[in-house]
Amino acid sequence: MSNDKLSLFNTLTGSVEPVRTIEDGKLRFYSCGPTVYSYAHIGNFRSFLTADLIVRTARALGWEVDYVTNVTDVGHLTDDDLADASGEDRMAKALKSDEGRRFANVYDLARYYTEVLLDDWHSLNLIEPTVRPRATEHIRQQIEAVEHLVEQGIAYETEKGVYFDISRFPDYGKLSGNRDAENLEQAVRDVVQDEEKRNARDFALWKKDPGHLMQWYSPWGWGFPGWHIECSVMSMEYLGEQIDIHAGGEDLIFPHHECEIAQSESISRKTFANHWVHTRFLQVEGEKMSKSKGNFFTVRDLIATPDEGGRGVDPMALRLALISGQYRKPYNFTFETLKASMKHVERLRSAFETARGGLDAADGPDRVGDRLADLRSSMLAAMLDDLNTPSAIAAAIEGAKLIQGLGENLNASSARSALDFLQSASSLLGIPYHDQEAEDPSASASHDPLETRVEELLRQRATARESKDFERADQIREELDEMGIEVMDGPGGSSWRRKTEI
RNA sequence: GGUGACGUGGCCGAGUGGUUAGGCAAAGGUCUGCAAAACCUUGUACGGCGGUUCGAUUCCGCCCGUCACCUCCA
């Protein structure tokens with residue numbers, strides 16, 4: 001393991017290799033974003049978190065990062081294209097669903113789910129990309145790319161659309177290993193049918209469809225772009241013809257990324273992306289996450305308060321839980337892990353409070369600096385080693401325990417080392433110590449009737465405790481418990497929080 | 001059928017050719033009016049069968065199991 005090189009598994013070569021940036025000290029990075037036809041779920045976010053951690057780790061190395069992640073706001077075809085030749089897409093489907101009826105049209109729906117995506121993005125403290133391009137805002141570039149491919153004789157037009165001619169790209173299959181044409185053709189799945197396609201593997205660059213809910217005028221008439229072309233185009237627009245890393249979920253390896261390579265490299269005649277990084281799907285409680293199994297969770301399902309129908313999970317606990325398995329291994333998301341993550345987040349926060357408190361203490365010899373510096377380098381080393389988050393988190397927790405262990409004895413210079421350490425853990429893992437939104441409810445003045453009631457009861461309880469009326473104090477504790485409030489007594493008085501529903 | 005991963009103690013998960021990951025949970029203890037937090041103590045695992053080796057959980061082969069993709073998917 002190298003000390004200052006970021007190594008990642010490269011799907012293209014099948015091995016972990018150092019990321020060698022095209023330009024020294026600068027990372028050009030594209031990460032595939034979601035289609036916004038519904039609420040993003042925790043599996044989506046596991047993949048976005050991988051991208052986030054790549055950016056954080058690269059920055060920790062002092063690299064400048066150009067980070068582009070898109071929003072796919074064009075509906076693409078569903079697999080019952082055969083049954084519905086008019087070309088119903090995911091968004092059109094969503095619009096007809098119970099959830100989607102309230103939207104006036106498909107643009108309205110896309111706009112709503114994009115906003116929600118960004119809310120969740122902020123809740124989980126994901127880094128803002130340098131650019132967040134939307135497919136619908138780059139239609140012209142997509143049309144031009146397709147035109148270029150047609151001019152080169154690499155793409156051809158039929159009655160139904162424009163297709164990429166696989167036979168013109170011998171490297172097709174280099175990413176996924178799906179090189180065997182016959183196999184693909186005899187796959188059990190039905191493929192998009194067009195009698196005029198020259199090769200069953202040829203994929204759509206443009207679909208002619210005057211009935212599609214989103215359509216644009218092109219040299220081939222009214223229609224909409226193929227799914228893969230948007231990422232090629234947006235990546236080239238903002239990062240240039242060649243990039244260092246391209247990332248996404250493992251399901252995107254084929255066909256999406258395979259097709260992106262074919263298109264992009266046919267256009268530029270250069271290697272599109274040097275490093276391909278894919279995040280594995282997660283399972284929930286040992287099973288595939290699916291609505292029918294009742295183990296399907298969106299971010300908001302978990303972080304919304306119980307009054308809002310959620311489970312009141314601290315967003316940072318959710319974030320930590322989602323990164324507590326390495327991105328490249330199958331990960332079993334469980335509520336046990338989520339509970340453990342809550343403890344970890346609290347532990348980090350309280351270490352931070354301890355450290356901050358120690359700044360005002362008398363000065364003295366720094367008793368933790370060296371050990372924390374070691375832990376900090378092993379934390380970074382773990383991340384550089386193919387984003388070994390479990391190992392990095394272990395180092396962060398160990399540091400927090402070390403700081404907590406000093407407690408009252410923390411002097412000012414130890415406190416400064418402690419804060420240094422905690423701050424680098426925070427920026428590397430993306431776990432801030434100040435709640436961005438859910439500030440400690442007991443500390444904030446609020447007009448929430450529940451909070452007013454809680455404060456009142458706590459005052460009564462404090463009085464009862466002062467006069468040693470513990471029976472009354474416990475009674476109030478119980479009453480609050482029934483209201484979903486947990487009370488914690490400390491040396492400086494009592495604090496409280498909403499209990500979570502997990 | 002094809003391609004690619006993965007299988008570690010009750011659970012989540014590092015790691016390694018011979019010496020303790022870590023966390024959560026559990027049990028006992030210290031502290032605290034109660035509760036929480038914190039701290040201390042306890043617990044020896046690597047799917048199966050072969051092979052290489054002085055020695056394999058770690059390398060090799062086969063098998064079993066799980067997951068993903070094979071034109072909707074993070």
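Since the model is a prediction, treat every value here as computed from it, not as a measurement. Sequence lines set the chain letters: A, B, ... in the order given, protein chains first and strands last, and positions in each chain run from 1.
- Remark: the separation of the C1' atoms in B:U44 and B:U19 is 13 Å, to the nearest Å.
- Residue A:Asn388 places at least one side-chain N or O closer than 4.0 Å to OP1 or OP2 of B:G15.
- Contact between A:Tyr39 and A:Arg300 at its shortest, heavy atoms only, is CD2-CD, 3.4 Å.
- Among the atoms of the strands shown, base atoms are found under 4.0 Å from some heavy atom of A:Ala394.
- Using a 4.0 Å heavy-atom distance criterion, A:Glu250 is classed as a sugar-phosphate-only contact.
- When the side-chain nitrogen and oxygen atoms of A:Lys401 are compared with OP1 and OP2 of B:A38, none of them lie within a distance under 4.0 Å.
- The pair A:Asp165-A:Lys197 fails the salt-bridge criterion, with no side-chain N (NZ, NE, NH1 or NH2) lying under 4.0 Å from an Asp/Glu carboxylate O.
- The nearest whole Å value for the distance from the NZ atom in A:Lys96 to the P atom in B:C72 is 17 Å.
- Residue whose closest nucleotide on RNA chain B sits further toward the 5' end, between A:Arg46 and A:Asn332: A:Asn332.
- Stacking is found between A:Phe281 and the pyrimidine-like six-membered ring of the B:A74 base under the 5.5 Å centre-distance and 30° plane-angle cut-offs.
- Here A:Tyr331 lies in heavy-atom contact (under 4.0 Å) with sugar-phosphate atoms only.
- Residue A:Glu398 is classed as having no contact, given no heavy-atom separation below 4.0 Å to the nucleic acid.
- Ring centers of A:Phe169 and A:Tyr172: at least 6.0 Å apart, outside the cut-off.
- Distance, A:Arg201 CZ to B:C69 C1': 16 Å, rounded to whole Å.
- Computed from coordinates, the A:Ile253 CD1 to B:U3 P distance equals 15 Å when rounded to whole Å.
- Rounded to whole Å, the P atom of B:G48 lies 11 Å from the corresponding atom of B:G9.
- Within the nucleic acid shown, A:Lys329 comes within 4.0 Å of sugar-phosphate atoms alone, with no base atom in reach, counting heavy atoms only.
- Atom name P, nucleotides B:G22 and B:C72: the rounded distance is 47 Å, in whole Å.
- As rounded to the nearest Å, B:C11 and B:A25 have C1' atoms that lie 7 Å from one another.
- Side-chain to base pairing of A:Arg280 with B:C67: one donor and one acceptor N or O lie within less than 3.5 Å of each other.
- Note on A:Gly43: a base of the nucleic acid sits closer than 4.0 angstrom, heavy atoms only.
- A:His256 comes within 4.0 angstrom of no nucleic acid atom, judged by non-hydrogen atoms across all strands.
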Practice task
Before giving the answer on side chain to side chain contact (heavy atoms under 4.5 Å, CB included), spell out for A:Asp171 and A:Ile261 the whole-Å C-alpha distance, their side-chain angles and the decisive distance to 0.1 Å.
Solution key: CA-CA 9 Å; A:Asp171 272 349; A:Ile261 290 174; 5.9 Å; no

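- Atom C1' of nucleotide B:G33 and atom CZ of A:Phe470 are separated by 4 Å, given to the nearest angstrom.
- Checked against a 6.0 Å centroid threshold, the rings of A:His41 and A:Phe297 do not count as neighbours.
- Checking B:C24, B:C67, B:C34 against every side-chain atom of A:Gln283, the shortest atom distance belongs to B:C67.
- Across all strands shown, A:Arg472 has no heavy atoms under 4.0 Å from either base or sugar-phosphate atoms.
- For the C1' atoms, the distance from B:U3 to B:U53 is 34 Å, rounded to whole Å.
- Using a 4.0 Å heavy-atom criterion, one finds that A:Leu282 contacts the bases of the nucleic acid, with or without backbone contacts as well.
- Across all strands, A:Gln326 comes closer than 4.0 Å only to sugar-phosphate atoms, never to a base (heavy-atom distances).
- Here A:Thr279 lies out of heavy-atom contact (under 4.0 Å) with every strand.
- One P atom belongs to B:C54, the other to B:U66, and the distance between them is 38 Å to the nearest Å.
- Comparing A:Ser350 and A:Gly325, the nucleotide of RNA chain B nearest to each residue sits closer to the 5' end for A:Gly325.
- Here A:Arg347 reaches the OP1 or OP2 of B:C39: one of its side-chain N or O atoms lies under 4.0 Å away.
- Using P as the reference atom, B:C6 and B:G13 are 14 Å apart when rounded to the nearest Å.
- When all heavy atoms of A:Arg134 and A:Asp73 are compared, the closest pair comes out as CB-OD2, 3.5 Å.
- B:G7 and B:G47 have their C1' atoms separated by 6 Å, with the value rounded to a whole Å.
- Look at A:Arg461 and A:Asp474 and you find no salt bridge, because none of the NZ, NE, NH1 or NH2 atoms lies under 4.0 Å from a carboxylate O.
- Between A:Lys343 and B:A25 there is a side-chain polar atom (N or O) within less than 4.0 angstrom of OP1 or OP2.
- Ion pairing between A:Glu353 and A:Arg356 holds under the 4.0 Å rule for side-chain N and carboxylate O.
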Practice task
Any chance you could encode RNA chain B as dot-bracket? Rule is Watson-Crick or G-U wobble with both distances under 3.5 Å; [ ] for pairs crossing earlier ones, | for another strand.
Solution key: (((((((..(((.....[...))).(((((.......)))))....(((((..]....))))))))))))....

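- Residue A:Asp474 places a side-chain atom within donor-acceptor reach of the base of B:G33, judged by atom type and a 3.5 Å distance cut-off alone.
- When heavy atoms are screened at a 4.0 angstrom cut-off, A:Lys468 is found touching no nucleic acid atom at all.
- Here A:Leu252 lies in heavy-atom contact (under 4.0 Å) with sugar-phosphate atoms only.
- Taking 4.0 angstrom as the limit, A:Trp496 places none of its side-chain polar atoms (N or O) nearer than this to OP1 or OP2 of B:A36.
- As a whole-Å value, the separation of A:Phe254 CZ from B:C67 C1' is 19 Å.
- Centroid-to-centroid, the aromatic rings of A:Tyr113 and A:Tyr37 stay 6.0 Å apart or farther.
- A centroid separation of 6.0 Å or more is found between the aromatic rings of A:His246 and A:His275.
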